[in-house]
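No hydrogens, no waters, no symmetry mates; every other heavy atom, side chains included, goes into these values.
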Amino acid sequence: MDSSTNSLDDVSADSSAEFPDRTSMMEVRLQAQEDEITLLKSSLADALRRIRLHDQLLPLLKQQLVAVNPAAARVLNQVCCSDSCTGARKLSSSSASDGIRHPATSQLSDSIVTNTNGHIGSPVSMKPRPRPATLDRSTQTEPTLPGQDTGQDRAPPRRVQSLQLEDALPQGEAKVEGTRAKLHRVPGLEEEDEEQEEDEEGGGEQEKELSWMSSVEEPIQPTTIRGLQREDFQDRSCSPEELGSGTTSVRTSDQNLSSRAGPLSPIQEGEKKPLVRRNSEKLGNPEKQRKRLDKKAASSANLLTRSPSLENRAKELIASAGSPGSRRGTYSQGQSIKMFIRGRPITMYIPSNIQNYEDLKMEPPSERLELDWVYGYRGRDCRANLYFLPTGEAVYFIACVVVLYHINKRTQRHYRKHTDCVRCLTLHPDKVRVASGQTAGVDKDGKPLQPCVHIWDSTTLVTLQQIGLGTFQRGVGSVAFSFADSGAFLCVIDDSNEHMLSVWDCNKGTKYAEVKSTNEAVFTVEFNPSDSTNIITCGKSHVYFWTLSTGQFTKKQGIFGKYKKPKFIQCFVFSLTGDVLTGDSEGNILTWGKSAADVKTLGKGAKETFQIMRQTRAHEGSVFTLCTLQGGALLSGGGKDRKIIRWSADLAPERECEIPEKYGAVRTIADVDGEELLVGTTRNAILRGTFSDGFVAIVQGHVDEMWGLATHPSQNIFLTCGHDRQVCLWNTEEHKLDWCITLEEYGLCAGFCPNGSVVSVGLSTGRWLVLDLLTREVVSESTDGNEQLSVMRYSPDGSFLAVGSHDNFIYIYNVTESGRRYTRFGKCNGHSSFITHLDWSKDGKYIMSNSGDYEILYWDIAAGCKLLRNRFESKDREWASYTCVLGFHVMGVWLEGSDGTDINALCRSHSERMVAVADDFCKVHLFQYPCPKPKAPSHRYEGHGSHVTNVCFTHSDSHLLSMGGKDTCILQWKVVGGGVGDSRERLASASSTSTSSPEPATS
C-alpha cells in the first residue's frame, strides 16, 4: 500500500502506465471467459442431445421387453402408474422430436397411458418376491420382506426407481447368464467422431437416429437386461451430491450405451467420474476451433428450441448459478450451502450435528485482542524517524503504529490513531509533543483515504490536532516544528507532484501559507532555529532557502558554483554559528553561507545569495544523516562505508566506528546523553551503544515482504521467513530475536514438527529445508517441482509431512528419526490450480486442501493419497488445525462482495473457540469458531500498513501473531477475556429465532 521515498515523478509515471496494463489484462480475462462460456454451451448441447437420444431409446427397449415376456407389460404398467406424468412426458417428447411414429412404439405408448388412466385393462394381482436392499446411491432401496407393505397405498417416493426384469419372469424359469444383447457402435456418438459430426449437413441427425433404432431392433433374451432405471428429472428431493453430478451422470450413461462390445448395463445415476470439459485439450487451429465452438453453441440453441422441457430444465440450471454481477452469495439447499466467489459456486456440506442451520446465531467472540508488541522498524526508505524522549523512550514507527520503546525497561507503548502507513516524524521543542504524518492509502473498495498529520502527546497518547485532512495529496513526506517561537508552527511537505510546502498554526490547526516547492523529490524540511520566517528544503539536486513574509514565500536556490553538483542532498542541520551543513550523495559535508549581493557583476538589482563556503570529505558513498550535539559537535552517518564519525565544531574528525554489515547502512542517529547513541539502519534495525563499547541491536526486523509464519507446538517462540531470504526465530516472552540465518533463496512458508526439535521451510524454487532449532543446521533438504511452495504442514503425530506447491500438487513424505529423515510417500494430484492452504485430520489419515481457483478437495492419505470424490462424506471429519480459508466452518468470515483474494490466511485457536483472519485490507479479524453463516460479526483490529499475509496463535492461545506484507511488520496481540464452553456445544445449540447479525465491532 505504501510507497518508497523515491522520485514521485517515477511514481506518477508508473501509476499512469498501469492503467493500459489493467485494461489489456481485463480484455484478456473477458475473452477467456467468453471462450469458457462457449465451451459450456457446447457441453450443455452435447448433454441435452444425449438425454434426448436416451428418451428415444427407452420406448424401444420397453417394446423388446414386452415381446420377450407379456408379464413384463404388467410390471411396466405398475411402474408407470407410480409416475404417469413423467412417463407420458418422456414418450410424448421423444415421439414429437422424432417426427416419425413407429407402430410398435405407438402401441406401447397407448397401452401404458390407457392402463395408467384405468379405462382399459383388468387389474392384475402380483405378489413381489423379497429381494435384498441395493446400496447404490442412485438406486438405494430398503429390503422388502414377504407380507410387508410394498408402498402401493402411499404416495410414490420421488427418487430414482429401479426395475428388475427377473421380477416379471415366471417362477422356475431358467435364467441364461451367458447371452447378452450387444449395441453396435453408432457413428456420431464416439468422442473421436464429434468434430466430423458437426461438419455434416442437417440430414446427419435423422440418419443418426435411424442408425440408433436399427441397432437395437434385434432379439433380446429374457435375462439380457439386468435392470432398467429411470430418473425423474424434476426431482427436487435428491441429495446435493446427486444434484452436483447431473452432467456427469448423463455422460456416464451414454458411455455405457455407446460401448462397442459391452453389455447393455443399467444407467448408474450416482456413479462418480471426473467431469472433463470437452475439447479442452484439443487446441489445433484457433480459427477452426472458434468456428466449431460457434456451431456447437448454435446447435445447443436449436436443441433447446426443439425440446421445451429441456429448455425449462436448462433455464433452471442457469438461474441456480447466480446472477453474473454477483461476486459472492450464499444459499441453502437441504444438506448443503452454496457460496459464490467470483461467480464460481462452492458447495459446503452441513455437519450432522447441526439440526437447523437457519436458526444458528452468530455472535462475536468473547475474547478480544490487545496489541502487546511490535517487531520491526522502518529504516529502509525513511529518514529522521528516530528520537529520544526525556522519559527514556525511543520514538520510531513502522506500518501504522508509532512505537514508544523504553530502552532500559524494555517495554512498549503504541500510538495507533493513524489509518495508514506513517511516513515521517518530528519532535516538538518541548520534548513532549510529537507530529507524525501518514500516506493516503486506499480503503477496501479502492477509494483513496486522505492523508494528514497528527500532533499528539507522548505522555498520554492523546491526539491534540489533526492537520491538513483533505489538503495533502498522496501522503506527507516531511514535517518540522518551528523553534524560535516555541513550536507555534508546523511545516509540511506533501507527496504531490509539486511537493506543496505549507505552514500551519499548531494551536488552531489552520493553514498559514502554502507554495509549490519543486517537481523533484524533497527529502527533508526544517525551520531556522533562530528565525521562524526562514525555512530550508533539500532533495534531488537542490537546496532551497525560503523566506516567509505576510503569508507569502520567497525562494532562493543554493548556488554550487565551482563545486560539483551532487545528485542528492540527503540531509542538513544548522550549526551553532547559523551556517547550514548539508550531507550529499557524493559523501561530502557542504557548509553554506550567505553572500553579499554582487553589485559589480549583476548591477544594482542584485540580491544576496547562498553559496558553498566549504566542502569536507566525510564518507565513502552517501551521507545519510547529520546530528548536532551539545557543545557544537557533529555526528555523521555514512551509507556505503557504514561509519559513524564524530566531528568537532570546526569539522575536524574526532572519533569513528563502523556498524556490522548485517545491519546495513546508517539511516538516522539520535543522541541519548552525549555519549550513548541510538542508530537506525537501512536494514530496519535500531542499535544502541557508544564509540568505545560498540553497538548492539535492540530492535530488529525483516527488510522485505513476509509470508512464512509458524508457532512452536510447546514453547513461546515463532519463526518467520520472507523475500529478504532471512529465517528468523523470535521469542514472544522476551520480545527479542533469538537467531537469524540467511538462505540462498527466499522462504514463503514454514511448519514446526510436532516434537518441536526441527522446523521445515519452503522456498521459492520448489526446494525445502529442515532446520535444527538448536544448531541452526540443515538436517534435511529436498526439491519438489520447480515452482514456489506455499504450505508446509506436519500430521498431528509427526509421521507425515505435506508440502503444498504452486505446481498444483501436494507432496507427502514419511517422517522418521524425530523429523530428521524424509522419504517420499506419495503425491496428491487433482487440483487444477496452485495449492494455497491445507490441514490434516485429527487421526492423521486425511487432508483438506484449498487451491487458487477456490477448490475444496479431500484426500485419503492412508489409502495412497487418493482423492475423495464424495465430499459429502467428509462433512463430519474433525481437523487437527484449520487454516483453509474455504470450508463450512469458516464460511462466515467472507464479507459480502469479497473475491477469492480478499482473505490471505486464517487460523483457528487450539481451544477451537475463535478464528483469526488476515485480510487484504490491512486488518486482522477475530471471529467466533465455528463461523458458518454469512455476515458474521467480528472484532476488527488495525495496525498493519499493508496486506496482512499470515496469522497464527501460540501453542497456549495466549497470543496471536500477525505479519504484514510490504510493511515488514510483525504484530504480537495478547488474547484477553473469554469464557468456558466448547465450540462443538456452541455449534450444536441453535437459537430458536433467527436474528440479523450486528456490524463487526471495531477495536
Side-chain angles (χ1 to χ4, degrees), residues 371-380 398-399 401 403 662-664 683-686 697 699-713 715-753 756 758-764 768-774 776 778 788-794 804 837 881 883 904-907 916 918 922 924 943-955 959-973:
L371 186 58
D372 179 45
W373 200 264
V374 177
Y375 299 89
Y377 155 75
R378 183 168 180 170
R380 70 189 189 280
I398 184 172
V401 183
V403 182
K662 64 179 180 179
Y663 298 128
R683 291 190 63 82
N684 295 348
I686 296 179
V699 176
Q700 289 179 264
H702 284 269
V703 296
D704 207 343
E705 187 171 1
M706 301 178 296
W707 282 91
L709 173 65
T711 55
H712 195 275
Q715 301 178 27
N716 293 318
I717 56 177
F718 65 95
L719 183 136
T720 58
C721 56
H723 289 191
D724 57 3
R725 300 185 294 113
Q726 290 187 143
V727 177
C728 302
L729 187 71
W730 309 83
N731 191 306
T732 60
E733 290 183 338
E734 300 180 7
H735 307 120
K736 68 181 184 67
L737 179 67
D738 282 348
W739 54 259
C740 177
I741 63 172
T742 302
L743 304 176
E744 297 178 359
E745 304 113 25
Y746 60 83
L748 293 170
C749 53
F752 278 94
C753 185
V758 297
V759 61
S760 59
V761 180
L763 307 180
S764 59
W768 54 273
L769 311 172
V770 180
L771 303 174
D772 187 287
L773 291 183
L774 297 178
R776 312 175 200 175
V778 177
Q788 67 183 45
L789 303 181
S790 52
V791 192
M792 306 291 291
R793 188 84 63 207
Y794 285 89
H837 309 84
S881 62
T883 61
N904 296 316
L906 62 81
C907 180
C922 316
V924 175
H944 285 288
S946 178
H947 53 288
V948 187
T949 57
N950 216 332
V951 288
C952 197
F953 285 96
T954 58
H955 70 99
H959 292 85
L960 173 73
L961 297 159
S962 63
M963 59 169 31
K966 292 294 187 179
D967 65 15
T968 68
C969 176
I970 305 171
L971 300 183
Q972 179 174 313
W973 307 86

Q.
One pair to check against side chain to side chain contact (heavy atoms under 4.5 Å, CB included): Ile970 and Phe718. What are the steps and the verdict?
A. CA-CA 11 Å; Ile970 305 171; Phe718 65 95; 4.0 Å; yes
Rounded to the nearest 0.5 Å, what separation is found between the [atom1] atom of [X] and the [atom2] atom of [Y]?
X: Gln715; Y: His955; atom1: CD; atom2: NE2; result: 8.0 Å
X: His947; Y: Lys966; atom1: NE2; atom2: NZ; result: 7.0 Å
X: His944; Y: Thr968; atom1: NE2; atom2: OG1; result: 10.5 Å
X: Lys736; Y: Trp730; atom1: NZ; atom2: CH2; result: 11.0 Å
X: Leu729; Y: Leu771; atom1: CG; atom2: CG; result: 10.0 Å
X: Thr720; Y: Met706; atom1: OG1; atom2: CE; result: 6.5 Å

Q: Apply side chain to side chain contact (heavy atoms under 4.5 Å, CB included) to the pair Ile398 and Asn684, showing each step before the final yes or no.
A: CA-CA 9 Å; Ile398 184 172; Asn684 295 348; 5.8 Å; no
Write down the atom of [X], the atom of [Y], and the distance for their closest heavy-atom approach.
X: Val791; Y: Cys749; result: N-SG, 3.6 Å
X: Ser760; Y: Tyr794; result: OG-CE1, 3.5 Å
X: Pro713; Y: Cys753; result: CG-O, 3.6 Å
X: Leu719; Y: Val727; result: CD1-CG1, 3.7 Å
X: Thr949; Y: Ala918; result: C-CB, 4.5 Å
X: Leu748; Y: Cys721; result: N-SG, 3.9 Å

With sequence neighbours excluded, residues passing side-chain hydrogen bond (donor to acceptor under 3.5 Å, both in side chains) with [X]:
X: Thr711; answer: none
X: Lys662; answer: none
X: His735; answer: Asp372
X: Asp724; answer: His702, Gln726

Q: With sequence neighbours left out, write down each residue that passes side-chain contact (heavy atoms from CB on, under 4.5 Å) with Glu745, or none if nothing qualifies.
A: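 Checked Glu745 against side-chain contact (heavy atoms from CB on, under 4.5 Å); matches are Leu763, Ser764, Thr765, Arg767.
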Is [X] reaching over with its side chain to a backbone N or O of [Y], donor-acceptor style, under 3.5 angstrom?
X: His712; Y: Gly756; answer: yes
X: Thr732; Y: Asn716; answer: yes
X: Asp967; Y: Gly945; answer: yes
X: Asn731; Y: Ile717; answer: no
X: Thr883; Y: His837; answer: no

Q | Asp772: partners by salt bridge (Lys or Arg N to Asp or Glu O under 4.0 Å), with sequence neighbours left out | A |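 Asp772 satisfies salt bridge (Lys or Arg N to Asp or Glu O under 4.0 Å) with Arg820 only.
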Q.
Let's go through Val759 and Leu773 carefully: what are the C-alpha distance in whole Å and the side-chain angles of both, what is the deciding distance for side chain to side chain contact (heavy atoms under 4.5 Å, CB included) to 0.1 Å, and is it a yes or a no?
A. CA-CA 7 Å; Val759 61; Leu773 291 183; 3.8 Å; yes
Q: Could you walk me through whether Met963 and Tyr375 pass the side chain to side chain contact (heavy atoms under 4.5 Å, CB included) test, one step at a time?
A: CA-CA 10 Å; Met963 59 169 31; Tyr375 299 89; over 6 Å; no
